[in-house]
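The sequence lines fix the lettering, A, B, ..., with proteins before strands; numbering per chain opens at 1.
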There are 2 protein chains.
Amino acid sequence: MTLPSNDAASRPSADPERRVAVIVVILTVDEGQLNVLLIRRSADPFKDAWSLPGGLLRRDEALKQAAVRKLDDETGLTDVFLEQLYTFSDLDAEGSVAVVYFALVDITEANLAQRTAWEPAWSPVEDTSDLAFRNNEVVDYALQRLRAKLDYSNVAYSLLPPEFSLSRLQATYEAISGQPLDKRNFRKRILSLDIIEPTGHLASEGRHRPAQLYRFRERKQIIF
Amino acid sequence: MTLPSNDAASRPSADPERRVAVIVVILTVDEGQLNVLLIRRSADPFKDAWSLPGGLLRRDEALKQAAVRKLDDETGLTDVFLEQLYTFSDLDAEGSVAVVYFALVDITEANLAQRTAWEPAWSPVEDTSDLAFRNNEVVDYALQRLRAKLDYSNVAYSLLPPEFSLSRLQATYEAISGQPLDKRNFRKRILSLDIIEPTGHLASEGRHRPAQLYRFRERKQIIF
DNA sequence: CCAAAAGTGTTGGCTGTACACCCATGT
DNA sequence: ACATGGGTGTACAGCCAACACTTTTGG
């Protein structure tokens, strides 16, 4: 017997097991654009189509472990925002169960796996055309969740380097929400939340006034 | 091969399948108390302990179908709020994957299954002592989600009969949030949301002033 | 007439939004 | 000197929280 299975008693034979896949929606912001990590499929079904990275859940592996492993495989990163998103049972034709996680990474720290087969690449979420396995819906769902979380959590910490200017932070928020934000109101709001603090360092890149750099007080998720 | 499985190519043998269970957290409000539906286990493991109702995902069955089926088995209800909550892989010792749904039902419409084995019963969430399979954590998680949803959706529609007084609605909100609410502010807020409308009927139960009855404009989830 | 629940408004504080100009730097 | 992005304050409106008494009915 297994879990809370009160009907298992009446059907004691033939445990109907399933293939369980773990999929990871890895998002990043690059130059004001929200990007998703896709891999080019090297085998059927959907050979040569793009899809989200994923793989089968191994024996004796926990779901989150598998998601961490996949994320590490593709980006070399381990200590980032990674959260379970949704579980689908109808993405492929064979009734596999697919547990989807989503991750947020700083593109400057991500080192995409160098493979010729199943090669990963960043793709702007806005013009992500037909993906394999109805993965477009999965990406949309991740995007929706990310937008919601922006309003009540500090998730952006995982999309930025340790030190960043307020303008950079604002650009990140704008890339995710798709909305331009008022500079003064944005700064007032963020500072009053007290989730970031000045580092004392200045940016001084480009031919303009150097920017004060900030860091997140906590490098883990906080719910406001 | 299955889903987005780029590593399946490198491990072409021995598909590691898993048992997939579907669990349903069925919540209701009865006399100002939030209650959860539990079943008394009739077999090991955890024989005679209480746990959430659930069962194995059948072959060729979608997750939501299975959740609907379990909910119907236990309460006879089908057209209520039912939403996926979370997927666990470490509730039991055997590494089953458990996809948890949560449902909200009107206790006056629910007809609990009449069984001697695996008998279902309502239990107040506040003093739900040790459940099998770490189901206490699952219930806590459901409660957290429900409380959050109360603030930005009309989910209470599924906990109440078609017509109800504002006092009853307030009592429902209070039972869920665990907080007393100010009557005037509550009414102002709810009415301004424009999610309910007066039916024209009066309640006239008990030895007191009859109450105006209302109904939800939509009997499905709305996000504010 | 008493108990019990229904119904009803106003005020003050806070929060969010709209809005425009000067500053420091590098070229 | 100019182009580029950095940095700053105020005023108004809408929202939320606090707060108490009268009404209607049944017993």
Enquirer: Can you tell me if B:His201 uses its side chain to pair, donor with acceptor, with the backbone of B:Pro198 under 3.5 Å?
Expert: no
Enquirer: Please report the distance, rounded to the nearest Å, between CD1 in B:Ile190 and P in C:dG7.
Expert: 15 Å
Enquirer: Using whole Å, what does the distance between atom C1' of nucleotide D:dG26 and atom CG of B:Leu202 come to?
Expert: 15 Å
Enquirer: Does B:Arg189 have any salt bridge (charged side-chain N to carboxylate O under 4.0 Å, His left out) partners at least two apart in sequence or in another chain, and if so, which?
Expert: none
Enquirer: Tell me which of A:Ala211 and B:Arg207 sits closer to the 5' end of DNA chain D, going by the nucleotide each one is nearest to.
Expert: A:Ala211
Enquirer: Side-chain donor-acceptor pair under 3.5 Å between B:Thr108 and B:Asp106, yes or no?
Expert: yes
Enquirer: Expressed in angstrom and rounded to an integer, what is the separation of A:Tyr214 atom OH from D:dG6 atom C1'?
Expert: 10 Å
Enquirer: More than 12 non-hydrogen atoms from neighbouring residues, nucleotides or ligands closer than 6.0 Å to CG on A:Asp151, yes or no?
Expert: yes
Enquirer: I'd like to know if A:Lys188 reaches the base of D:dT8 with its side chain, counting only an N/O donor and acceptor under 3.5 Å.
Expert: no
Enquirer: Name the residue closer to the 5' end of DNA chain C, choosing between A:Arg189 and A:His208 according to the nucleotide with the nearest heavy atom.
Expert: A:Arg189
Enquirer: Considering only NZ, NE, NH1 and NH2 on the basic side and carboxylate oxygens on the acidic side, decide whether B:Glu119 and B:Arg40 come within less than 4.0 Å.
Expert: no
Enquirer: Establish, with yes or no, whether the OP1 or OP2 oxygen of C:dA5 is under 4.0 angstrom from a side-chain nitrogen or oxygen of B:Ser167.
Expert: no
Enquirer: For the pair A:Leu131 and A:Val138, evaluate side-chain contact (heavy atoms from CB on, under 4.5 Å) and give the outcome as yes or no after the intermediate values.
Expert: CA-CA 10 Å; A:Leu131 303 182; A:Val138 179; over 6 Å; no
Enquirer: To the nearest Å, give me how far apart CD (A:Glu205) and P (D:dG6) are.
Expert: 11 Å
Enquirer: Let's test your reading of the model: under 3.5 Å, does the base of D:dT23 pair with the side chain of B:Arg209 as donor and acceptor?
Expert: yes
Enquirer: Can you tell me the distance, in whole Å, between the CD atom of A:Gln212 and the P atom of D:dG5?
Expert: 19 Å
Enquirer: How long is the line joining CZ of A:Arg168 and P of D:dT4, in whole Å?
Expert: 20 Å
Enquirer: Donor-acceptor pair, A:Arg115 side chain versus A:Trp118 backbone, under 3.5 Å?
Expert: yes
Enquirer: With the threshold set at under 4.0 Å for non-hydrogen atoms, list the residues of residues 169-187 of chain B touching DNA chain D in residue-number order.
Expert: B:Asp182, B:Arg184, B:Asn185
Enquirer: Closer to the 5' end of DNA chain D via nearest nucleotide, is it A:Pro210 or B:Ser204?
Expert: A:Pro210
